[in-house]
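Source: prediction; values computed, not measured.
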Amino acid sequence: MALPNISTPKVKTVNKDLEAWIRLPALEEGEHYTIEYLHDVLRVNQINYGIDEAQLQKIIDEEIYEQDVLVARGVPAVEGQDGFYEYKVNMNLEKKPKILPDGSVDYWSMYSVQSVQKDQVIAIYHPAVQGTDGTGVSGKPIPAKVAREQGALRGTGFGRSEDFLTYFSLMDGKIDIENDKIRIQPIYEVSGDANLTTGSIDFTGDIVIHGSVESGVTIKATGSITIDGNVEACNLEAGKDIILRSGMVGGNKAHVRTKGNLYAKFIEYTVIQVEGDMEADVLLNCTVACRGSILIQGRTAKIIGGDVSAVKGIRATTIGNDAEMRTAVTVGVSADCISRLNLLKKKMDITKMELDKIEQGLAKFEEMEKERGVSYKEDPRRVALLRTRIQNTATLAGDEGEVKRLERMISDGANATVCVTRDVFPGVSIAIRDQVLNVKNNAKCVEFYHLNGKICTRTAED
């Protein structure tokens with residue numbers, strides 16, 4: 001009896017052309033497959049590479065029929081590695097205080113700056129390593145993925161070695177990442193206290209004071225301010241975050257202003273303005289205007305006394321005290337803010353109409369120049385129109401910026417709430433939008449929110 005047609009045995013490739021398996025039909029007694037036959041079967045099925053001759057012989061010798069047998073193996077592609085940067089500094093600084101197991105808040109766990117020294121290596125680039133193509137059992141190549149190079153680091157304050165692989169600092173300062181750019185900037189560091197002897201500080205960059213700040217001192221920074229010690233009745237102003245690790249006793253003479261976030265162990269008797277968010281353990285008799293959210297967290301965290309407002313909402317462990325001290329908290333935006341927005345929009349409409357009239361007047365001067373062939377560039381009437389156009393254009397740009405700011409505030413404060421996770425005492429007033437609720441009885445775990453023109457309450461989430 002002749003061997004089966006070479007198309008009869010079942011041959012399959014698996015694992016992306018890296019393996020070929022064959023299943024031979026059984027033969028009648030006395031019939032045997034040959035190596036030449038098996039080669040023909042594989043060739044017809046386009047199996048041309050990695051054939052295991054020993055396995056083919058084994059099939060024949062042991063008469064392995066009606067089962068799949070691995071008869072060829074390809075060579076897998078060896079994948080390459082994309083280029084990558086190995087950073088030699090911590091690029092993921094902790095920006096939030098930690099809640100400790102006992103419920104207290106650790107403000108010393110925060111890092112406001114990552115310091116570097118001149119010539120310090122900040123990153124090493126490891127170039128891409130290209131892989132090796134493989135070969136399938138069909139004999140066709142299996143291409144390796146192309147490894148890609150990374151672009152050069154962008155930013156300021158650092159240089160590169162001649163081989164473009166090593167990046168190093170050009171100065172003593174602090175390093176951070178902002179908008180995917182590395183920036184190394186000067187840092188003003190005070191090892192001891194800041195007082196009237198050392199004088200006030202006004203610095204372009206970040207300021208770090210490892211001691212305390214005594215009364216009467218003013219600290220200004222375009223970047224962040226970090227103070228390790230106690231802060232007395234002074235003025236602090238920052239373009240970025242302010243971190244007060246040990247707290248502040250303002251004595252009704254202190255002001256804190258920041259365009260970033262504010263983090264403090266506690267603050268007492270201080271006027272505070274924050275463009276970002278604010279976190280603290282205790283606020284005592286402070287006047288606070290916060291553009292973001294206020295979080296008074298920790299086991300013993302509380303707001304007592306003062307006037308505290310936050311556009312995006314307030315979350316506190318406790319508000320008020322047993323003595324029923326007057327404590328006012330406000331969230332969202334007021335009706336005055338909405339009214340100001342509407343007035344600004346009307347003002348902008350008037351300015352735009354005036355600008356249209358000015359453009360019409362200037363166009364008439366151009367027509368007169370063409371008709372009469374006389375220049376009106378120095379005509380006092382035309383010069384006056386140009387001056388007014390410049391003034392109105394500047395006014396309109398300023399009003400547009402203020403409108404956008406107010407619209408963002410209104411949007412941010414639309415769903416603002418006051419959430420108290422433990423106690424809220426009588427003497428506390430809650431203001432949301434244009435509604436005010438005076439707390440008459442002690443309440444626990446409650447959230448205040450605005451609905452249908454009034455302030456409502458519900459159980460606060462822990």
Side-chain angles (χ1 to χ4, degrees), residues 89-91 93-98 105-120 122 156-158 169-178 182-276 278-282 286:
V89 292
N90 183 7
M91 304 306 288
L93 298 180
E94 181 57 57
K95 296 292 187 180
K96 295 284 187 178
K98 293 181 180 178
V105 183
D106 179 15
Y107 288 89
W108 288 88
S109 63
M110 300 176 62
Y111 291 90
S112 61
V113 296
Q114 169 77 23
S115 297
V116 293
Q117 286 75 47
K118 187 176 184 296
D119 296 326
Q120 178 180 336
I122 62 172
T156 58
F158 60 87
S169 175
L170 296 176
M171 69 185 77
D172 294 343
K174 67 105 179 185
I175 182 172
D176 59 19
I177 294 181
E178 186 176 343
I182 292 178
R183 287 187 173 88
I184 299 177
Q185 298 174 316
I187 182 172
Y188 191 101
E189 195 162 8
V190 180
S191 58
D193 296 339
N195 50 41
L196 293 177
T197 301
T198 60
S200 297
I201 302 171
D202 190 344
F203 184 67
T204 302
D206 291 358
I207 297 175
V208 177
I209 299 174
H210 294 294
S212 299
V213 180
E214 298 181 5
S215 297
V217 175
T218 296
I219 308 293
K220 292 183 179 181
T222 59
S224 64
I225 297 175
T226 302
I227 303 174
D228 292 344
N230 294 317
V231 182
E232 297 179 357
C234 64
N235 296 318
L236 305 178
E237 186 173 340
K240 294 184 179 178
D241 294 348
I242 294 179
I243 299 175
L244 309 178
R245 300 192 194 277
S246 300
M248 181 173 189
V249 180
N252 286 325
K253 297 179 181 179
H255 290 80
V256 176
R257 301 178 183 87
T258 174
K259 293 181 180 179
N261 303 315
L262 173 61
Y263 306 93
K265 183 68 176 175
F266 66 86
I267 306 181
E268 300 178 3
Y269 299 95
T270 301
V271 177
I272 303 166
Q273 293 176 293
V274 183
E275 287 295 315
M278 178 177 178
E279 294 189 28
D281 255 12
V282 176
C286 291

Do Ile122 and Ile175 have side chains that get closer than 4.5 Å, going by heavy atoms? yes

Any donor-acceptor pair under 3.5 Å linking the side chain of Ser246 with the backbone of Asn230? no

Can you tell if the side chain of Val89 reaches within under 4.5 Å of the side chain of Val116, non-hydrogen atoms only? yes

Residue pair Gly199 / Val217: nearest heavy atoms and the distance that separates them: O-CG1, 4.1 Å

Output the distance between atom CD1 (Ile243) and atom OG1 (Thr226), rounded to the nearest 0.5 Å. 4.5 Å

Is there a side-chain contact between Ile267 and Val282, using heavy atoms and a 4.5 Å cut-off? no

Starting from the C-alpha separation in whole Å, work towards a yes-or-no answer on side chain to side chain contact (heavy atoms under 4.5 Å, CB included) for Val208 and Val190. CA-CA 6 Å; Val208 177; Val190 180; over 6 Å; no

Rounding to 0.5 Å, atoms NE2 (His255) and CD (Gln273) come to a distance of 7.5 Å

With a 4.5 Å cut-off on side-chain heavy atoms, are His210 and Glu189 touching? yes

Considering all heavy atoms of both residues, which atom of Lys253 and which atom of Asn235 are nearest to each other, and what is their separation? O-OD1, 4.1 Å

Could you check whether any side-chain N or O of Thr270 sits under 3.5 Å from a backbone N or O of Ile272, counting only pairs where one atom can act as donor and the other as acceptor? no

Pairwise distance CG(Leu236) to CD1(Ile201) - rounded to 0.5 angstrom: 10.5 Å

Under 4.5 Å between any side-chain heavy atoms of Met278 and Asn261, yes or no? no

Mind checking whether Lys265 and Arg245 have side chains closer than 4.5 Å, heavy atoms only? no

Out of curiosity, Thr156 OG1 to Gln185 CD, how far, rounded to the nearest 0.5 Å? 6.0 Å

Apply side chain to side chain contact (heavy atoms under 4.5 Å, CB included) to residues Phe266 and Val249 and explain how you reach the verdict. CA-CA 8 Å; Phe266 66 86; Val249 180; 3.7 Å; yes

So Pro186 and Phe203, do their side chains get closer than 4.5 Å, heavy atoms only? yes

What is the distance from atom NZ of Lys174 to atom CZ of Arg183, rounded to the nearest 0.5 Å? 9.5 Å

Which heavy-atom pair separates Gly223 from Ala238 by the least distance, and what is that distance? O-CB, 3.5 Å

Spatial distance of atom CD1 (Ile219) from atom OH (Tyr188) [nearest 0.5 Å]: 8.5 Å

May I have the step-by-step check of side chain to side chain contact (heavy atoms under 4.5 Å, CB included) for Ile182 and Phe158, ending in yes or no? CA-CA 9 Å; Ile182 292 178; Phe158 60 87; 3.9 Å; yes

Checking Glu275 side chain against Lys259 main chain: does a donor-acceptor pair fall under 3.5 Å? no

Where the side chain of Ser212 meets the backbone of Gly229, is there a donor-acceptor pair that is under 3.5 Å apart? no

Partners passing side-chain contact (heavy atoms from CB on, under 4.5 Å) against Asn252 (at least two apart in sequence or in another chain): Tyr269

For Cys234 and Met248, what are the C-alpha separation, side-chain angles and deciding distance, and is it a side chain to side chain contact (heavy atoms under 4.5 Å, CB included)? CA-CA 9 Å; Cys234 64; Met248 181 173 189; 4.2 Å; yes

Please answer whether the main-chain N or O of Asp206 pairs with a side-chain N or O of Ser224 as donor and acceptor at a distance below 3.5 Å. no

Indicate yes or no: does Asp172 engage Lys118 in a salt bridge with an N to O separation below 4.0 Å. no

Check: Asp193 side chain, Asn195 main-chain N or O, donor-acceptor pair, under 3.5 Å: no

Are side-chain heavy atoms of Leu262 and Asp241 found at a separation under 4.5 Å? no

